[in-house]
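Right, one structure below, let's go through it.
All values below were derived from every heavy atom in this structure, side-chain atoms included, with hydrogens, water molecules and symmetry-related copies excluded. Being a predicted model, the structure only gives us computed values, none of them experimental. The first residue in the sequence is number 1, and the count goes up from there.
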Amino acid sequence: MKIGASTLAGIDDSLENALEFIESLGIDYAELVHQYPSENITPDMLESYDLKYSIHAPFMDVNIASLQDKSRLNSINQIKSSIDLANDINAEAVVVHPGLIGYLPNKYFRNEVFDYAKESMIELGAYGKDLGILTTFENMPSFESMIYENMVELNEFLTGNDLYMTLDVGHANHSGYSADEMIFDCIKHVHIHDNFGDDDAHLPLGEGSIDLKRVVNNLESKNYDGIYILEVNDYDSIKKSYEYMKKNF
């Protein structure tokens, strides 16, 4: 079982400190959150760590489903830079958010937003494939500004276009999916954290209401061979979550 931790837990700390902490626990993988304040990561910065990597492409101020051409194309280019970085450091996966929808687009142009999101995902998937990089698209929590919290629709689109999913377990629970309902064949990467279904809380594993043992066992029964990324809020939560994984699996 491959276990990693996201540098999201140290978003207000230096990348170096976050990686040192993850490495100190004996965790093999780190997921680099490739945006401010760590948007200028280079391979040289990672040479001193005995870690393997995945990358979370930028999602702050980024929207690949934007109706505005310049905003959408800029967002696509930012994510391509993450795929380029993944190629440079031999990262195992890149995670991409499928986009956002504002109040007016949701009211008047919802279909157009989804059309642009689909075009962008196809373009980014092809860009990653050309470089040999696994580019995955994440299911979203149930917030008004998010698209593709509907995992069935996301799965249908991805499988129909030879693309892959990052299963975010906490997002799926927030969107009302049971442990059995959130498993799809196109899942190649996993973000795992806990909540009580009422918020996207990113709690340590075992401190919410998600049947995490069933989720993981379901994935393992399907021969899932990707990484389980502990995507929690702080360093102590990484440690608690890693202990949960070691104890239960």
Side-chain angles (χ1 to χ4, degrees), residues 2 4-9 11 29-35 53-66 75-76 78-80 82-83 85-86 91-101 113-114 116-125 127-129 133-177 181-195 199-202 210 215 219 224 226-233:
K2 301 175 184 176
S6 171
T7 60
L8 179 70
I11 195 71
Y29 291 85
E31 183 156 289
L32 306 171
V33 180
H34 191 208
Q35 66 173 25
Y53 298 100
S54 60
I55 293 178
H56 199 311
F59 53 89
M60 187 168 61
D61 304 325
V62 169
N63 183 11
I64 65 170
S66 174
S75 296
I76 289 170
Q78 287 187 60
I79 291 167
K80 285 180 177 178
S82 291
I83 298 172
L85 175 62
E92 293 205 10
V94 174
V95 181
V96 181
H97 283 193
L100 301 165
I101 187 165
V113 168
F114 274 86
Y116 278 128
K118 292 172 181 177
E119 289 179 12
S120 297
M121 287 190 278
I122 289 170
E123 179 177 346
L124 290 166
Y127 187 82
K129 191 169 292 185
I133 299 299
L134 176 64
T135 303
T136 66
F137 300 92
E138 183 175 359
N139 62 294
M140 293 289 99
S142 186
F143 293 131
E144 190 174 358
S145 62
M146 303 290 185
I147 65 172
Y148 280 119
E149 76 280 0
N150 187 318
M151 297 186 71
V152 175
E153 290 182 1
L154 179 60
N155 176 67
E156 288 177 353
F157 169 72
L158 295 178
T159 55
N161 289 278
D162 196 25
L163 299 171
Y164 303 104
M165 185 189 298
T166 284
L167 164 65
D168 189 295
V169 176
H171 292 176
N173 190 62
H174 185 244
S175 296
Y177 290 89
E181 292 171 331
M182 61 178 73
I183 308 299
F184 298 91
D185 289 339
C186 69
I187 294 168
K188 296 293 185 182
H189 192 67
V190 172
H191 286 169
I192 189 164
H193 47 96
D194 215 339
N195 62 52
D199 196 10
D200 181 29
H202 288 255
I210 305 174
V215 173
L219 287 165
Y224 172 73
I227 312 166
Y228 293 91
I229 295 292
L230 308 172
E231 194 182 53
V232 290
N233 292 321

Item checked: Separation of E231 CD from L8 CG (nearest 0.5 Å) -> 5.5 Å
Notebook entry, point to check: Do side-chain atoms of S175 reach the backbone of M140 as a donor and acceptor pair under 3.5 angstrom?
Noted result: yes
Check: Is the centre of the Y228 ring less than 6.0 Å from the centre of the Y29 ring?
Finding: no
Item checked: Side-chain heavy-atom pair F137, L124 within 4.5 angstrom cut-off -> yes
Exercise answer: donor-acceptor pairs, residues 153-160 side-chain atoms, under 3.5 Å, sequence neighbours excluded:
from: T159; atom 1: OG1; to: N155; atom 2: O; distance (Å): 2.8
from: T159; atom 1: OG1; to: E156; atom 2: O; distance (Å): 3.3

Checklist line | Shortest non-hydrogen contact between N139 and A172, atoms and distance | finding: ND2-N, 3.4 Å
Next item on the list: Measure the CD-CD distance between E138 and E149 for me, rounded to the nearest 0.5 Å.
Entry: 13.0 Å
Next item on the list: Nearest 0.5 Å please: distance from the CD atom of E92 over to the CD1 atom of I55.
Entry: 11.5 Å
Checklist line | Validation row: M146, L100 side chains within 4.5 angstrom (heavy atoms) | finding: yes
Margin query: Any heavy-atom pair between the side chains of H193 and D168 that's under 4.5 Å?
Written below: yes
Notebook entry, point to check: So, do K2 and Y224 sit near enough that their side-chain heavy atoms are less than 4.5 Å apart?
Noted result: no
Next item on the list: Over all heavy atoms of both residues, which pair between I227 and G4 is shortest? Give the atoms and the distance, please.
Entry: CG2-N, 3.8 Å
Check: Any donor and acceptor pair, going by atom type alone, linking the side chain of N173 with main-chain N or O of D194 inside 3.5 Å?
Finding: no
Next item on the list: Flag the pair H56 / Q35 as yes when at least one side-chain heavy-atom distance between them is below 4.5 Å, and no otherwise.
Entry: no
Checklist line | Test item: Y164 and D162 side chains (from C-beta on) under 4.5 Å apart, heavy atoms | finding: yes
Notebook entry, point to check: Which atom names give the shortest non-hydrogen contact between P141 and D200, and what distance separates them?
Noted result: CG-OD2, 4.0 Å
Notebook entry, point to check: Where does the angle between the aromatic ring planes of H171 and H202 fall among parallel (under 30°), tilted (30 to 60°) and perpendicular (over 60°)?
Noted result: perpendicular
Next item on the list: To the nearest 0.5 Å, tell me how far S142 OG sits from Y177 OH.
Entry: 9.5 Å
Check: Y148 vs F114 aromatic rings, parallel, tilted or perpendicular, using cut-offs 30° and 60°?
Finding: perpendicular
Next item on the list: Grab the two heavy atoms, one from E181 and one from G176, that are nearest each other, plus how far apart they are.
Entry: OE1-O, 3.9 Å
Checklist line | Partner of H191 under side chain to side chain contact (heavy atoms under 4.5 Å, CB included), chosen from L167, V95, L230, V169 | finding: V95
Next item on the list: Give, for atom SG of C186 and atom CG of N161, the distance between the pair rounded to the nearest 0.5 Å.
Entry: 11.0 Å
Item checked: Nearest-0.5 Å distance, OG of residue S6 to CG of residue N233 -> 10.0 Å
Margin query: For a quick test of reading the model, state the closest non-hydrogen atom pair linking T135 to G125 and the distance between them.
Written below: CB-CA, 4.4 Å
Next item on the list: Run the numbers on F59 and V33 for side-chain contact (heavy atoms from CB on, under 4.5 Å), then give the verdict.
Entry: CA-CA 9 Å; F59 53 89; V33 180; 4.1 Å; yes
Margin query: Looking at S75 and V62, would you say the former's side chain and the latter's main chain have a donor-acceptor pair under 3.5 Å?
Written below: no
Notebook entry, point to check: S54 and H189: side-chain contact (heavy atoms from CB on, under 4.5 Å), yes or no, with the steps?
Noted result: CA-CA 9 Å; S54 60; H189 192 67; 3.7 Å; yes
Next item on the list: Specify the closest pair of heavy atoms between A117 and I147, including all atoms of both residues, with the distance to one decimal.
Entry: CB-CD1, 3.7 Å
Check: Mind checking whether I64 and E123 have side chains closer than 4.5 Å, heavy atoms only?
Finding: no
